[in-house]
Amino acid sequence: MQTACRNCGSRKERAEFCNLGYQPLANSYLSRDQLEEPEAFYPLVPTICPDCALIQLPNLAAREDIFEDYAYFSSQSDGWVKHVHDYANKMVGRLGLNENSRILEVASNDGAMLREFRALGVPAVGIEPAKNIARIAQLDGLATIDSFMGVDFAQELLSSGYQGAHLIAANNVMAHVPDLDDFLTGIRMLLAPSGVFTVEFPDAENLVRDNQFDTIYHEHFSYFTKHSAFDALARRGLGVVDSEDIDIHGGSIRLYARPDVRLDLPGEHVQGPAFGQPTAEQRAFYDKPAEYRRELWDKLNRWKREGKKIVGYGAPAKGNTMLNYCGIDAGILDYVVDSTPEKIGKFLPGSRIPIVNPAALALDPDPPDVIVILAWNWQSEISKKLKSHKDRGAIILSRLEEL
Ligand code: DWN
């Protein structure tokens with residue numbers, strides 16, 4: 001029995017957007033001891049609401065089980081650090097922020113953005129539920145509250161005398177929220193009347209167009225397009241006043257919203273005929289992951305039959321959806337490299353491929369013939385690091401393309 005739509009509450013039957021089988025939690029990297037233990041697999045079958053077109057997963061795994069001890073450290077990617085640097089500078093200029101401004105960042109992770117605002121002399125407070133990651137920011141002297149965003153948190157902060165934020169930033173977190181009402185209502189409560197809320201999320205239109213099915217995993221409870229995000233905010237009293245397409249994480253959107261302001265965006269974003277209805281492309285997506293799987297399986301297994309050694313670059317969450325759905329395990333990839341200290345020495349969930357330090361790739365006495373970039377959203381940054389391997393004739397594969 002399907003639960004009601006997370007966004008609009010519709011109880012109409014939702015069609016399957018795709019079916020990626022049974023998968024482990026994408027950020028649940030395994031220690032060597034855990035290799036001997038059972039591993040939880042959950043169905044990975046997103047559906048699409050016929051009334052508001054939100055693509056969504058049910059709340060199968062509790063947010064506490066996913067986020068309180070988290071493995072993703074955003075500062076590990078230079079591209080992300082540059083992105084938040086540019087964002088902080090843009091917001092200071094656009095909103096006239098200064099030392100008297102009040103800024104909150106939801107899901108501040110290891111403080112990458114907070115550090116940028118500090119460098120600009122603008123105070124910002126992070127809210128980060130992953131205690132292991134919040135600690136990294138706190139040790140760097142960055143004000144970080146280890147909590148989930150929601151109504152209870154907002155009431156507690158307001159009752160302590162908080163005057164309301166001039167800016168609330170929420171990057172790559174709205175998709176991770178099982179209770180949209182609680183999350184967005186908490187944000188609206190914490191905004192000053194003149195405050196601005198910016199929310200960034202990967203554009204699900206790109207997921208559909210570019211078959212980015214590997215970005216589907218259980219901690220991503222929702223997959224927003226501009227329309228469904230616009231709808232989600234408006235239903236909780238946040239009026240979208242501007243929108244930007246940004247080139248990160250496979251193509252994302254940044255919406256600017258104000259409390260209780262109902263300004264339709266110019267152009268196609270206005271609630272036109274397509275608003276709230278699944279598009280033909282979304283309805284036709286169902287078979288696209290299997291097409292990708294066939295092509296990747298054929299490539300890797302042909303190379304394996306030819307005696308080639310294959311490894312992966314990056315141990316991103318999306319890589320686990322990719323590998324587990326496509327049936328790629330340690331029999332195909334000898335190892336993956338990743339610079340995240342908390343991931344090194346562990347094993348990928350499901351495929352149980354070992355994660356090693358990038359230095360191991362450089363020092364491998366039997367250099368790989370094929371390197372599969374699993375963190376394709378950082379392709380340009382990673383390709384530069386693989387130049388010497390490409391120059392010696394290794395095949396560098398990124399999303400089925402040989403670079
Ligand atoms: O929504 C989310 C996105 C924004 O970030 C979260 N659910 C979790 C996370 O997803 P992901 O793990 O797929 O993100 P990334 O940024 O694609 O992960 C990149 C991985 O690759 C990290 O573990 C860091 C690593 N890396 C590396 O080892 N060397 C990355 C780069 C650029 C490198 O040069």
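Read the numbers this way: they start at 1 and go in the same order the structure lists the ligands and their atoms. Note that the coordinates shown come from a computational prediction; the quantities given were computed from them, not determined experimentally. For the single chain, residues carry numbers from 1 onward in sequence order.
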Is Tyr22 atom OH crowded by more than 12 heavy atoms from other residues, nucleotides or ligands, each under 6.0 Å away?
-> no
Identify, with sequence neighbours excluded, every residue that meets side chain to side chain contact (heavy atoms under 4.5 Å, CB included) alongside Glu342.
-> Phe73, Thr340
Is there a side-chain contact between Arg352 and Glu39, using heavy atoms and a 4.5 Å cut-off?
-> yes
Closest protein heavy atom to atom 28 (O) of ligand 1, given as residue, atom name and distance to 0.1 Å = Ser339 N, 2.8 Å
Hey, which of Asp364, Val370, Leu333 is the one that makes side-chain contact (heavy atoms from CB on, under 4.5 Å) with Lys309?
-> Asp364
The closest protein heavy-atom partner of atom 18 (O) of ligand 1 is Pro316 CB, 3.5 Å
Counting only heavy atoms, which portion of Tyr217 has something under 4.0 Å from ligand 1: side chain, backbone, both, or neither?
-> side chain
Are any of the N or O atoms of His176 closer than 3.5 Å to those of ligand 1?
-> yes
When you check the gap from the basic side-chain N to the acidic O, do Asp86 and Lys82 get nearer than 4.0 Å?
-> yes
Ligand 1 versus Tyr70, non-hydrogen atoms closer than 4.0 Å: side chain, backbone, both, neither?
-> side chain
Could you check atom 32 (C) of ligand 1 against the protein and tell me its nearest heavy-atom contact, residue, atom and distance included?
-> Glu381 OE2, 3.4 Å
Do any N/O atoms on Asn172 end up under 3.5 angstrom from N/O atoms on ligand 1?
-> no
When distances are taken from atom 17 (O) of ligand 1, the protein heavy atom at minimum range is Lys318 NZ, 2.6 Å
Residue, atom name and distance, where the atom is the protein heavy atom closest to atom 22 (C) of ligand 1 = Asp338 OD2, 3.5 Å
Looking only at protein heavy atoms, what sits closest to atom 33 (C) of ligand 1 is Lys385 NZ, 3.6 Å
Between Phe213 and Tyr325, does the ring centre distance come in under 6.0 Å?
-> yes
Go through the side-chain N and O atoms of Asn211 and Arg399 and say whether any donor and acceptor fall under 3.5 Å apart.
-> no
Check the side chains of Trp376 and Asp214 for a donor-acceptor pair under 3.5 angstrom, ignoring hydrogens and angles.
-> yes
Between Tyr313 and ligand 1, which residue portion shows a heavy-atom distance shorter than 4.0 Å: side chain, backbone, both, or neither?
-> side chain
Any idea which protein heavy atom is nearest atom 7 (N) of ligand 1, and the distance to it?
-> Glu219 OE2, 2.6 Å
Of the side chain and backbone of Asp78, name the one, both, or neither that has a heavy atom under 4.0 Å from an atom of ligand 1.
-> neither
